[in-house]
Amino acid sequence: MPVDVDAVVLSNTRLSSDYNVLALAAPDVAARAGPGQFVMVKPGFGDHPLLRRPFSVFEVFEDDAGRAAGLSLLNKRIGVTTRALFGLEPGAVVRCLGPLGRPFSPAAPPERAWMVAGGVGLAPFHSLAVALRARGVEATLFYGARSAGELFHLDAFRRLGVRLALATDDGSRGDHGLVTLPLERALRGLDPADPVRLYACGPTPMMRAVTDLAHAHGRRTEVSLEQVMGCGLGGCYSCVVPVRRDGGAPRFVRSCLDGPVFDGGTVVWDGLGGLPG
Amino acid sequence: MPVDVDAVVLSNTRLSSDYNVLALAAPDVAARAGPGQFVMVKPGFGDHPLLRRPFSVFEVFEDDAGRAAGLSLLNKRIGVTTRALFGLEPGAVVRCLGPLGRPFSPAAPPERAWMVAGGVGLAPFHSLAVALRARGVEATLFYGARSAGELFHLDAFRRLGVRLALATDDGSRGDHGLVTLPLERALRGLDPADPVRLYACGPTPMMRAVTDLAHAHGRRTEVSLEQVMGCGLGGCYSCVVPVRRDGGAPRFVRSCLDGPVFDGGTVVWDGLGGLPG
Amino acid sequence: MSVDLSVDVGGGLRLANPFIAASGCFGYGVEYADVVDLATLGAVAVKGLFLDEREGHPPERIVETPSGMLNAIGLQGIGVRRFVAEKLPPLRWRGAVVIVNICGSTIDEYAEVARILDDAEGVAAIELNISCPNIRKGGMAFGCSLRGTHDVVAAVRGVTRLPLIPKLTPNVTDVAAFAAAARDAGADAVSLVNTFLAMAIDVETRRPRLSNVMGGLSGPAIRPIAVRMVHECRQAVPLPIIGMGGVMNADDALEFLIAGATAVQVGTANFVDPFIWGKLVAGLTGYLERHGMAGVTEVVGSLELPARDAGSPSVAS
Amino acid sequence: MSVDLSVDVGGGLRLANPFIAASGCFGYGVEYADVVDLATLGAVAVKGLFLDEREGHPPERIVETPSGMLNAIGLQGIGVRRFVAEKLPPLRWRGAVVIVNICGSTIDEYAEVARILDDAEGVAAIELNISCPNIRKGGMAFGCSLRGTHDVVAAVRGVTRLPLIPKLTPNVTDVAAFAAAARDAGADAVSLVNTFLAMAIDVETRRPRLSNVMGGLSGPAIRPIAVRMVHECRQAVPLPIIGMGGVMNADDALEFLIAGATAVQVGTANFVDPFIWGKLVAGLTGYLERHGMAGVTEVVGSLELPARDAGSPSVAS
Ligand SMILES: Cc1cc2nc3c(=O)[nH]c(=O)nc-3n(C[C@H](O)[C@H](O)[C@H](O)COP(=O)(O)OP(=O)(O)OC[C@H]3O[C@@H](n4cnc5c(N)ncnc54)[C@H](O)[C@@H]3O)c2cc1C
Ligand SMILES: Cc1cc2nc3c(=O)[nH]c(=O)nc-3n(C[C@H](O)[C@H](O)[C@H](O)COP(=O)(O)OP(=O)(O)OC[C@H]3O[C@@H](n4cnc5c(N)ncnc54)[C@H](O)[C@@H]3O)c2cc1C
Ligand SMILES: Cc1cc2nc3c(=O)[nH]c(=O)nc-3n(C[C@H](O)[C@H](O)[C@H](O)COP(=O)(O)O)c2cc1C
Ligand SMILES: Cc1cc2nc3c(=O)[nH]c(=O)nc-3n(C[C@H](O)[C@H](O)[C@H](O)COP(=O)(O)O)c2cc1C
Ligand code: FES
Ligand code: FES
């Protein structure tokens with residue numbers, strides 16, 4: 001059951017010229033949030049921009065008493081809302097509705113978990129890493145970005161006992177190229193009997209490539225899709241993803257309700273719709 | 001020739017819960033501004049609100065070298081723009097186009113000048129008082145407000161050698177009632193041969209009453225009208241005032257070009273259009 | 001609270017308050033049951049239903065525009081039979097007043113859908129969607145022709161005694177004529193406006209932003225046009241009006257009520273704030289109390305028009 | 001700069017760039033001579049002119065709405081004769097390309113005004129305002145009837161060889177049909193859109209915010225509808241189009257150009273930023289350079305439409 005809070009900005013940490021982490025005082029949302037769930041966000045109260053925008057719950061942080069005190073967003077500047085979120089100062093108010101959507105289904109031992117992130121697709125994995133850790137699942141993060149300067153929060157993941165496999169477009173850190181490079185190497189080296197579950201979030205072509213790659217090695221991938229969303233609650237049917245289940249015809253399902261996490265094998269990738277920019 | 005500057009807010013002095021003085025770094029506008037002229041203002045660069053709004057140039061202030069360094073606005077909170085201007089912090093940018101409109105025609109000795117202000121109608125009189133002082137004209141400010149707490153900048157006017165005659169709706173200072181009370185008293189006590197010129201700015205009914213009162217005592221009044229303005233440059237014809245000149249039929253003239261200062265005797269007051277609120 | 005918020009929107013349909021969730025902006029209602037007590041809404045207009053299931057258009061289905069949004073969903077839906085079987089029961093036991101928005105590619109389909117709903121339990125009224133800009137056959141095709149409007153309304157009127165509310169498109173020259181045609185054909189009320197046919201282009205790719213190329217514009221941007229259309233219908237046709245278009249708060253809703261709408265639908269604003277319903281009721285109640293009005297009916301159509309000779313300055317008194 | 005911004009809007013009218021000051025938003029042009037070099041605009045469309053002087057409507061004449069504004073000026077103006085005598089000369093020696101927007105209460109008045117302009121020096125084209133929502137006789141009355149549109153255009157065509165540009169109203173069901181009617185009657189181009197008939201109500205006083213009750217909606221709010229209408233005309237009628245409606249910057253203008261407009265008018269945005277003209281030219285130039293285009297004509301009508309079977313998810317590839 002989602003709640004809507006006027007969350008005060010506790011801190012805004014700029015990580016680069018495009019990325020920032022926004023900490024919000026939203027205990028009621030944070031307390032309910034599962035790994036990979038999202039919130040519908042609107043900076044301030046005006047009608048500009050008109051609609052809320054979806055954002056993954058990045059970190060959930062607790063007060064001294066160990067109660068959920070708030071959550072953070074990993075924000076990448078691409079348009080009007082993300083620009084506004086990048087510029088907010090502590091004390092500003094962000095309307096925050098959530099938690100929403102289907103969370104990841106965390107692996108359980110002896111299963112291992114491989115998280116594959118591209119760019120801002122890192123966002124849903126911090127909460128997943130926390131959940132995996134709680135279950136004692138051995139986790140690896142395959143993480144690709146444009147350059148070394150855009151590989152964020154590596155220590156935080158290390159602290160959670162997550163192994164890191166990095167790649168950058170410019171080769172300034174890790175593999176020189178796409179994150180699928182280290183992933184493919186790892187898949188090759190994997191014993192077919194070894195139970196590994198994959199999770200992917202990032203640009204659509206990347207999630208598609210990961211799904212196919214994993215499939216080729218007989219593995220399933222949970223992908224967290226980023227469709228444009230008008231409401232986040234199932235009201236508008238804007239966020240649909242064409243999904244083919246048990247060989248039937250593709251059906252449009254609402255990613256705010258049935259997703260954003262999907263079994264990559266069921267997604268009809270060509271029907272996702274191309275987002276410009 | 002008006003200029004448009006992205007003026008940085010130097011200070012925002014809140015005078016009450018509704019009034020503030022906003023100091024703007026706009027030397028090019030300030031240097032050109034005449035008494036009673038106005039600027040078209042827009043907080044920030046978004047489309048919300050869409051249109052600029054007209055504001056009198058309140059004070060013009062100078063740098064140590066005595067050059068015009070900027071201007072201030074006396075702002076009263078009544079809607080979206082004035083609310084935004086009330087909330088701005090130093091460093092914010094206000095788009096400021098001006099100076100615009102026909103200024104007051106300042107009296108010249110031996111004439112004396114009586115300025116009649118109601119509420120935010122004080123705004124155009126600071127620059128007029130400065131001009132009068134420069135010409136050695138003896139000036140009086142008749143100033144009415146809701147209560148003593150809303151009588152602003154009295155010392156500034158005193159420092160300019162302006163005599164004060166005050167009135168408040170609640171009687172907390174000066175006459176108990178409208179500013180026309182002290183004005184009428186003064187007019188009665190006036191020797192018909194004594195050359196006095198009146199200037200009025202405030203709510204429409206008040207300017208009308210001042211004009212009529214002065215007329216009854218054989219005096220002319222220059223009024224500064226506050227019509228809604230879409231452009232401030234004569235482009236939209238939104239700001240018209242019905243004016244009757246030398247007995248002809250009333251004609252709609254643009255107050256951004258022919259005004260905002262008019263000979264009160266020529267204004268067809270009934271045709272001004274009632275602004276709600 | 002002392003004021004009476006209830007309204008009678010015609011055909012014997014009485015609502016506890018004038019606020020109705022607009023079709024297509026509230027799913028089938030059940031999606032919002034966690035967020036709002038459905039029984040506290042005046043009514044819920046569910047997403048447009050055809051006889052059969054529809055997949056609708058591929059993404060992108062929406063794009064934001066200045067103070068508005070375009071949508072080209074394409075009326076994805078489960079079809080009227082599954083709706084009756086799966087959605088009506090939970091809506092009923094939650095106490096929702098259900099207005100079913102129906103579509104068709106042919107007059108027969110409209111009639112068939114209506115017949116099925118007429119037999120169903122728990123349908124408060126039928127809203128006839130003859131104004132959807134996002135489908136190739138039916139929809140706006142009927143809504144843009146007086147003859148088409150009359151024929152569809154008459155056909156559906158023939159098969160149901162449920163309150164019948166044709167939903168008019170604003171994409172016409174004279175909306176009041178369509179309200180009149182709807183009334184002559186037996187409508188109990190009209191609702192307006194549906195969305196304005198519009199489009200947005202990505203200048204970098206030089207492609208339409210919507211997969212369907214065109215979509216419907218909704219939100220605050222259209223409110224002044226929608227209010228004008230409600231005013232025109234009110235002046236021309238003695239028929240209850242359900243107004244909508246860009247209502248974001250109680251004051252916006254009041255514009256429609258004052259212009260002559262008996263009830264108001266809220267669509268886009270529900271996306272921005274799904275908790276808006278209580279705020280609308282509180283805002284309207286406060287207004288009525290402040291203005292010393294006993295009920296909503298006092299404000300409906302209370303617009304004060306100026307003397308018509310206010311045209312020239314010489315007499316502008 | 002290497003790119004060619006000039007456009008040919010029909011009837012032999014060639015503009016140095018596609019940006020035109022929209023009628024009624026730029027006075028008679030001379031008001032802006034201090035602010036902008038009038039010769040740097042593609043053209044200046046002056047405020048609508050009748051045969052005689054008009055006082056227009058009393059205040060309030062405008063009100064801001066979400067991302068837009070309503071206006072009901074009522075075509076206050078000095079009449080065509082005073083315009084020719086007092087305004088044309090200064091416009092000419094300032095090098096402005098002058099498009100005169102003309103109005104009439106009768107077809108004869110339109111023709112008479114056109115005749116006077118045809119005899120005058122320094123008129124580049126006539127824009128036929130058959131779409132003003134703010135006058136009781138004439139204006140939109142002609143623009144909302146195909147017959148009326150045809151007759152006015154034909155009558156004016158008969159009395160002048162000046163480029164003739166009927167300005168279409170968006171308050172119709174099928175704007176492309178009106179573009180076709182205008183073309184058949186001898187128009188050299190069409191301009192669209194004029195404003196949308198709309199209204200706003202002050203809920204505290206329950207009175208209209210405009211003295212004229214209704215007014216025309218302009219500004220960014222209407223852009224998606226206007227772009228759609230330009231697209232429709234482009235698809236239906238082989239005639240140069242001058243597009244407008246809510247252009248606030250070069251990207252907005254590009255939406256119209258890509259949709260098929262040869263030139264773009266800018267109205268409301270000029271109120272917000274009278275210095276917009278240089279920014280529009282710079283923005284368009286930068287875009288063309290970035291996209292490796294030699295001139296504006298390359299981008300006009302360059303919209304890429306999706307394959308029309310993109311309708312179902314199964315083939316959404
Ligand atoms: C479930 C979910 C979780 C998300 N989590 C995050 C997150 O944690 N951090 C984050 O920075 N972003 C996240 N996103 C993406 C985020 O919602 C978009 O970046 C945001 O909506 C853009 O809004 P805007 O107003 O800044 O851009 P707009 O001004 O609305 O659009 C600017 C440009 O970006 C394009 N665009 C709009 N939406 C998207 C999108 N979803 N993906 C790619 N391009 C888009 C538009 O087509 C347009 O061209 C998530 C999206 C979803 C669906
Ligand atoms: C030449 C001139 C000089 C002015 N000088 C000043 C000044 O120095 N300080 C100052 O505070 N104000 C001044 N005003 C008035 C000021 O322009 C308005 O208060 C302002 O436009 C309101 O904008 P808003 O966005 O806050 O209100 P909006 O949100 O636009 O409107 C809110 C409400 O106020 C009403 N309203 C709009 N304009 C006016 C107006 N001009 N007068 C009364 N009610 C109005 C509207 O009808 C609406 O009901 C001046 C006006 C003019 C024409
Ligand atoms: C995403 C979306 C889907 C819609 N679907 C329907 C529909 O199925 N049937 C219908 O009659 N109207 C539909 N509409 C129109 C709305 O019911 C309403 O008429 C319009 O949005 C104007 O109201 P608003 O500005 O409050 O949204 C839809 C609107 C939106 C935004
Ligand atoms: C204040 C105002 C006055 C207008 N007067 C006229 C006019 O006299 N003749 C005309 O054809 N259009 C007139 N228009 C319409 C504009 O020319 C233009 O078609 C419309 O505003 C849409 O463009 P925009 O959104 O860029 O303003 C007027 C518009 C405004 C805002
Ligand atoms: S975002 Fe509205 S239905 Fe998914
Ligand atoms: S404000 Fe536009 S003409 Fe005066």
Side-chain angles (χ1 to χ4, degrees), chain A residues 1-6 32 40-42 44-54 79-81 95-100 204 225-243 249-258 268-277, chain C residues 21-22 24-36 47-48 53-77 201-207 209-211 215 218-221 246 248-249 267-276:
Chain A
M1 178 164 136
V3 294
D4 188 22
V5 297
D6 299 337
R32 295 176 165 80
M40 291 295 286
V41 159
K42 188 167 159 61
F45 296 92
D47 289 349
H48 261 235
L50 181 63
L51 299 172
R52 296 184 186 227
R53 301 291 194 271
V80 46
T81 301
R95 299 171 71 182
C96 182
L97 170 71
L100 302 167
T204 301
L225 301 179
E226 296 197 351
Q227 297 299 87
V228 170
M229 289 184 174
C231 72
L233 287 169
C236 72
Y237 281 78
S238 67
C239 60
V240 292
V241 170
V243 161
R251 284 296 166 84
F252 280 131
V253 302
R254 290 167 288 184
S255 58
C256 64
L257 294 183
D258 287 3
V268 182
W269 294 97
D270 288 330
L272 274 181
L275 275 164
Chain C
C25 304
F26 207 67
Y28 295 112
V30 290
E31 291 90 339
Y32 284 83
D34 294 354
V35 177
V36 51
K47 180 146 188 57
E53 303 193 20
R54 284 172 62 97
E55 283 302 324
H57 300 310
E60 303 307 311
R61 286 178 166 191
I62 65 167
V63 58
E64 183 162 333
T65 62
S67 296
M69 65 179 283
L70 305 186
N71 89 84
I73 307 302
L75 287 165
Q76 173 174 356
I201 296 170
D202 183 297
V203 299
E204 289 307 316
T205 62
R206 290 187 286 279
R207 293 217 188 87
R209 285 188 174 275
L210 296 172
S211 73
S218 64
M248 302 299 286
N249 54 50
T268 302
N270 176 67
F271 300 152
V272 180
D273 181 7
F275 296 92
I276 192 174

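To find a chain, count down the sequence lines: A is the first, B the second, and so on, and within it residues start at 1.
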Novice: Between P49(A), A249(A), G232(A), P2(A), which has the largest tally of heavy atom pairs under 4.5 Å with chain C?
Specialist: P49(A)
Novice: Checking salt bridge (charged side-chain N to carboxylate O under 4.0 Å, His left out) for the pair R52(A)/E64(C): CA distance, chi angles, key distance, verdict?
Specialist: CA-CA 10 Å; R52(A) 296 184 186 227; E64(C) 183 162 333; over 6 Å; no
Novice: Taking all non-hydrogen atoms of both residues, which atom of G271(A) and which atom of P59(C) are closest, and how far apart?
Specialist: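 Closest approach of G271(A) to P59(C), heavy atoms only: O-CD, 3.4 Å.
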Novice: Suppose we screen for ring pair (Phe, Tyr, Trp, His ring centres under 6.0 Å). Which residues come up paired with Y32(C), at least two apart in sequence or across chains?
Specialist: F26(C)
Novice: Could you go step by step and tell me if Q76(C) and R251(A) meet the side chain to side chain contact (heavy atoms under 4.5 Å, CB included) rule?
Specialist: CA-CA 10 Å; Q76(C) 173 174 356; R251(A) 284 296 166 84; over 6 Å; no
Novice: Kindly compute the distance separating CD (Q227(A)) from CD (E60(C)), expressed to the nearest 0.5 Å.
Specialist: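 Nearest 0.5 Å value for the CD-CD distance: 6.5 Å.
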Novice: If you take all heavy atoms of I73(C) and Y237(A), which pair is closest and at what distance?
Specialist: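 Closest heavy-atom pair between I73(C) and Y237(A): CD1-O, 3.5 Å.
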Novice: Would you check if S238(A) and F271(C) make a side-chain contact, meaning some heavy-atom pair closer than 4.5 Å?
Specialist: no
Novice: Side chain, backbone, both or neither: which part of V272(C) has a non-hydrogen atom closer than 4.5 Å to chain A?
Specialist: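 Both parts, backbone and side chain.
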Novice: Quick one: which of A21(C), P66(C), C25(C) has the most heavy-atom pairs under 4.5 Å with chain A, could you say?
Specialist: C25(C)
Novice: First locate atom CZ of F252(A), then atom CZ of R54(C), and finally report the distance between them rounded to the nearest 0.5 Å.
Specialist: 12.0 Å
Novice: Distance from I62(C) atom CD1 to C231(A) atom SG, nearest 0.5 Å?
Specialist: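 One finds 8.0 Å between CD1 of I62(C) and SG of C231(A).
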Novice: Measuring from C236(A):SG to N71(C):CG, what's the distance to the nearest 0.5 Å?
Specialist: 8.5 Å
Novice: Counting only heavy atoms closer than 4.5 Å, note whether M40(A) contacts chain C via side chain, backbone, both or neither.
Specialist: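 Contact with chain C involves no heavy atom of M40(A) at all.
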Novice: Can you tell me how far the CG atom of D34(C) sits from the CG atom of L233(A), to the nearest 0.5 Å?
Specialist: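 One gets 9.0 Å once the value is rounded to the nearest 0.5 Å.
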Novice: Could you report the tightest heavy-atom contact between L50(A) and S67(C), atom names first, then the distance?
Specialist: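 Residues L50(A) and S67(C), closest heavy atoms: CD2-C, 4.0 Å.
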Novice: Under 3.5 Å, side chain of R61(C) to main-chain N/O of V240(A), donor-acceptor pair present?
Specialist: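 No.
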Novice: Yes or no on side chain to side chain contact (heavy atoms under 4.5 Å, CB included) for T268(C) and L51(A), after CA distance, side-chain angles and deciding distance?
Specialist: CA-CA 8 Å; T268(C) 302; L51(A) 299 172; 4.3 Å; yes
Novice: Charged N to carboxylate O under 4.0 angstrom, D273(C) versus R95(A)?
Specialist: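 Yes, this pair counts.
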